[in-house]
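All remarks here apply to the structure that follows.
Bear in mind the structure is a predicted one, so any value in this text is a computation, not a measurement. Residues take their numbers from the sequence shown, with the count starting at 1.
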Amino acid sequence: MIPARYMFTMLACAGNMINLFGRDSLRIGILAIKEEEKLCQDALAANQTSTGCSYIQWSDSNIAQVLGAFNYGMILTMVCGGPLSDMLGGKYLLLMVTLVSSICTLLVPIMADTSLPWLITCQVVYGLSGGLVVPALSCMIARWEPRCQRGRLATIIYTGSQFSAVFTALFTGYITYNYNWRLVFYILGCVPLLWIIPWLLLVSENPSDSKMISDEEKDFLMRETNTSVIRPRMRDIPFGNILSSGPVWGIILANIGCSWASTHTSLLLPQFLHQVLRLPIHHNSILSSLPYIGCCLVGLLASCFYTWLTTTLGLGHTPARKICSSICLWGFAALTMIVPLISQDTVLVTITTTGAYSLMGFNLVGAWSNPLDIAPNYVGTVMGISGLFCYITGALVPNTLGLASAFIPPEDVWTFLFFLVVGVTIISNMLFLLLGTADLQEWNSVGSSDSRERLHQCEEKVGQSLLGFQSQGHRVV
């Protein structure tokens, strides 16, 4: 029988993945939409018969608005989604999000043919629901991931977003090239409905409520998690302490750097390949998927590397988190600064961008999972605040192409954008090294005394006292 925590991990990873299908497929699909509209306009200019043309003019600014709309929605719900997840749990929030994502994905072909404002509105609504995904998953991970396996299950679950990017890039490119871009959204819009039944039947909010868990595993998770027995109420959440916490701001700043790098790769890189290297869409989708394939593999290896640092080498969780964050951000910067120098060589650009983004997998055991260390009872709130800044970044980065094009000579635009992301990642990791820690924060407790993390702390103090007593006894003898 599969342990219940592994069943939760597999379904949570799948849920994380399918909730991003609509967003990720649009990143490649919008190139096909723009190309279709251009062909229609060319046909009209030549006085030829043209049917099915879009009413939307797909300029760079309109594309940026559509691609950024998902992030606009997430900005609004990330902060409120965190406390909501901490108070109510994540199971049914994730279920609701999945239904909304399915509907919004199915509506993309209709909106793209009729109205730009409605398409943007659809993506904003999609983002409003998507803002609940990370807080919902985080508060469930805090209850299902034992301390002795810290980082492993969370890494697998969060890697679902990379799996989504890989699958949708390949799937969108293939279907668009061989059939029609609209079919992509109809198929991917139906897939989330297949996930709902197993999520309802096989997953529970807490290990203590699960019907699939053995008594041994239940006792094991009760001992090996630091979450409170009771859920916090709104008045229990220490917003002041969270917002004034140096470690929290260290997490936020490091994740801003990763968000900038991720958005640069996912949104701007396909346009760079299409505009500068003149790659067709189906080749573009294959090359655009390679960084995500690398990130998936490196993310899984990073969890083993983190375990090796903390167990074999005996490093504390604080230096281990900082090492992983440095490999992620500074490694990305080192490889990305080479790209402008080799921008005409498709093979070298592919190798360097794939290697650079692959290192983003280390963030899953770096700053991204750090809230599980410092505040497991309020991990949804901390992740929500961090996610707010990440998605503000994600909403702004697509506009850097338009701004750079307006103020910088065309031949220097992409060089500027690559060096800009290099500078951001270097600075953000320096700040995480200064502010970050993996120590449990004092404000993590819920209520007066009913929390297991205090029990764990008491057990550790008793153990230390016993060791001290025994050592004194040996000295007396």
Expected output: side-chain Thr263 to main-chain Trp260 donor-acceptor under 3.5 Å: no
Residue pair Val125 / Val100, side-chain heavy-atom distance below 4.5 Å: yes
With no hydrogens and no angle check, do the side chains of Thr352 and Tyr357 hold a donor and an acceptor under 3.5 Å apart? no
Provide the closest heavy-atom pair for Pro376 versus Ala142 in the form atom of the first, atom of the second, distance. O-CB, 3.7 Å
So, for Pro319 and Leu315, which heavy atoms are closest and what is the spacing to 0.1 Å? CG-CB, 4.4 Å
With a 4.0 Å cut-off, would you call Arg5 and Glu217 a salt bridge? yes
Is the shortest heavy-atom distance from the side chain of Phe21 to the side chain of Phe185 under 4.5 Å? no
Starting from the C-alpha separation in whole Å, work towards a yes-or-no answer on side-chain contact (heavy atoms from CB on, under 4.5 Å) for Ile426 and Leu329. CA-CA 7 Å; Ile426 290 174; Leu329 289 167; over 6 Å; no
Counting N and O atoms only, with roles assigned by atom type, does the side chain of Gln162 sit under 3.5 Å from a partner on the main chain of Ile293, one being a donor and the other an acceptor? no
Quick one: sort the Trp199 and Phe8 rings into parallel, tilted or perpendicular, breaks at 30° and 60°. tilted
Less than 4.5 Å apart, any side-chain heavy atom of Leu372 and any of Met383? no
Side chain of Asn363, backbone of Asn255: donor and acceptor closer than 3.5 Å? no
Interatomic distance, Leu221 atom CG to Glu216 atom CD [nearest 0.5 angstrom]: 12.0 Å
Do the non-hydrogen side-chain atoms of Leu20 and Val133 ever get within less than 4.5 Å of each other? no
Just wondering, do Asn377 and Asp236 contact through their side chains at under 4.5 Å, heavy atoms? no
When the ring centroid of Trp249 is compared with that of Phe389, is the distance short of 6.0 Å? yes
Rounded to the nearest 0.5 Å, how far apart are CG of Leu359 and CZ of Phe332? 9.5 Å
Heavy-atom distance under 4.5 Å between the side chains of Val248 and Ser386, does that happen here? no
Between the main-chain N or O of Thr98 and the side-chain N or O of Ser102, is there a donor-acceptor pair closer than 3.5 Å? no
How far apart are the closest heavy atoms of Cys390 and Ile256, and which atoms are they? SG-N, 4.2 Å
For Leu313, is the CG atom crowded, meaning more than 12 foreign heavy atoms sit under 6.0 Å from it? yes
When you measure from the side chain of Ser369 to the backbone of Leu364, do you find a donor-acceptor pair of N or O atoms at a distance under 3.5 Å? yes
Partners of Asn399 by side-chain hydrogen bond (donor to acceptor under 3.5 Å, both in side chains), sequence neighbours excluded? none
Closest heavy-atom contact between Phe432 and Ser325? CD2-OG, 3.5 Å
Look at the side chain of Lys322 and the backbone N and O of Leu433, then say whether any donor-acceptor pair between them is shorter than 3.5 Å. yes
d(Leu348 CG, Leu341 CG) to nearest 0.5 Å is 11.0 Å
Indicate whether any N or O donor in one side chain lies under 3.5 Å from an N or O acceptor in the other, for Ser208 and Asn206. no
Run Leu26 and Gln123 through side-chain contact (heavy atoms from CB on, under 4.5 Å) and show every step you take. CA-CA 10 Å; Leu26 188 59; Gln123 290 300 296; 3.7 Å; yes
Using only atom types and a distance under 3.5 Å, with no angle test, would you say the side chain of Asp209 pairs donor to acceptor with the backbone of Glu205? no
So do the side chains of Val166 and Cys296 get within less than 4.5 Å of each other, counting heavy atoms only? yes
Are any of the side-chain heavy atoms of Ile242 and Ile237 separated by less than 4.5 Å? yes
Does the Thr312 side chain pair with the main chain of Leu309, one donor and one acceptor, at a distance under 3.5 Å? no
For Lys218 and Ser210: C-alpha separation, side-chain torsions, deciding distance, then whether side-chain contact (heavy atoms from CB on, under 4.5 Å) applies. CA-CA 9 Å; Lys218 184 184 296 185; Ser210 175; over 6 Å; no
Could you check Ser161 against Met17 for side-chain contact (heavy atoms from CB on, under 4.5 Å), going step by step and ending with a plain yes or no? CA-CA 5 Å; Ser161 60; Met17 179 175 66; over 6 Å; no
Would you say Ser428's side chain and Thr425's backbone share a donor-acceptor pair under 3.5 angstrom? yes
After noting the C-alpha distance and the side-chain angles of Ser138 and Tyr158, does the key distance pass the side chain to side chain donor-acceptor pair (under 3.5 Å) rule? CA-CA 9 Å; Ser138 299; Tyr158 291 133; 2.7 Å; yes
Could you tell me if the ring centre of Tyr306 sits under 6.0 Å from that of Phe362? no
With a sphere of 6.0 Å drawn around OH of Tyr92, does it hold more than 12 non-hydrogen atoms of other residues, nucleotides or ligands? no
Could you give the distance from OG1 (Thr77) to CG (Leu84), rounded to the nearest 0.5 Å? 10.0 Å
In this structure, CD1 of Ile18 is separated from CZ of Phe163 (nearest 0.5 Å) by 14.5 Å
For the backbone of Val365 and the side chain of Arg321, can you confirm whether one donor and one acceptor N or O come within less than 3.5 Å of each other? yes
When rounded to the nearest 0.5 angstrom, what distance separates CG in Asp24 from OG1 in Thr168? 4.0 Å
How close do Leu335 and Gly355 get, heavy atom to heavy atom, and via which atoms? CD1-C, 3.4 Å
Would one find more than 12 heavy atoms of other residues, nucleotides or ligands at under 6.0 Å from atom CE of Met10? yes
Do you know the tightest heavy-atom contact between Ser25 and Leu188? CB-CD1, 3.7 Å
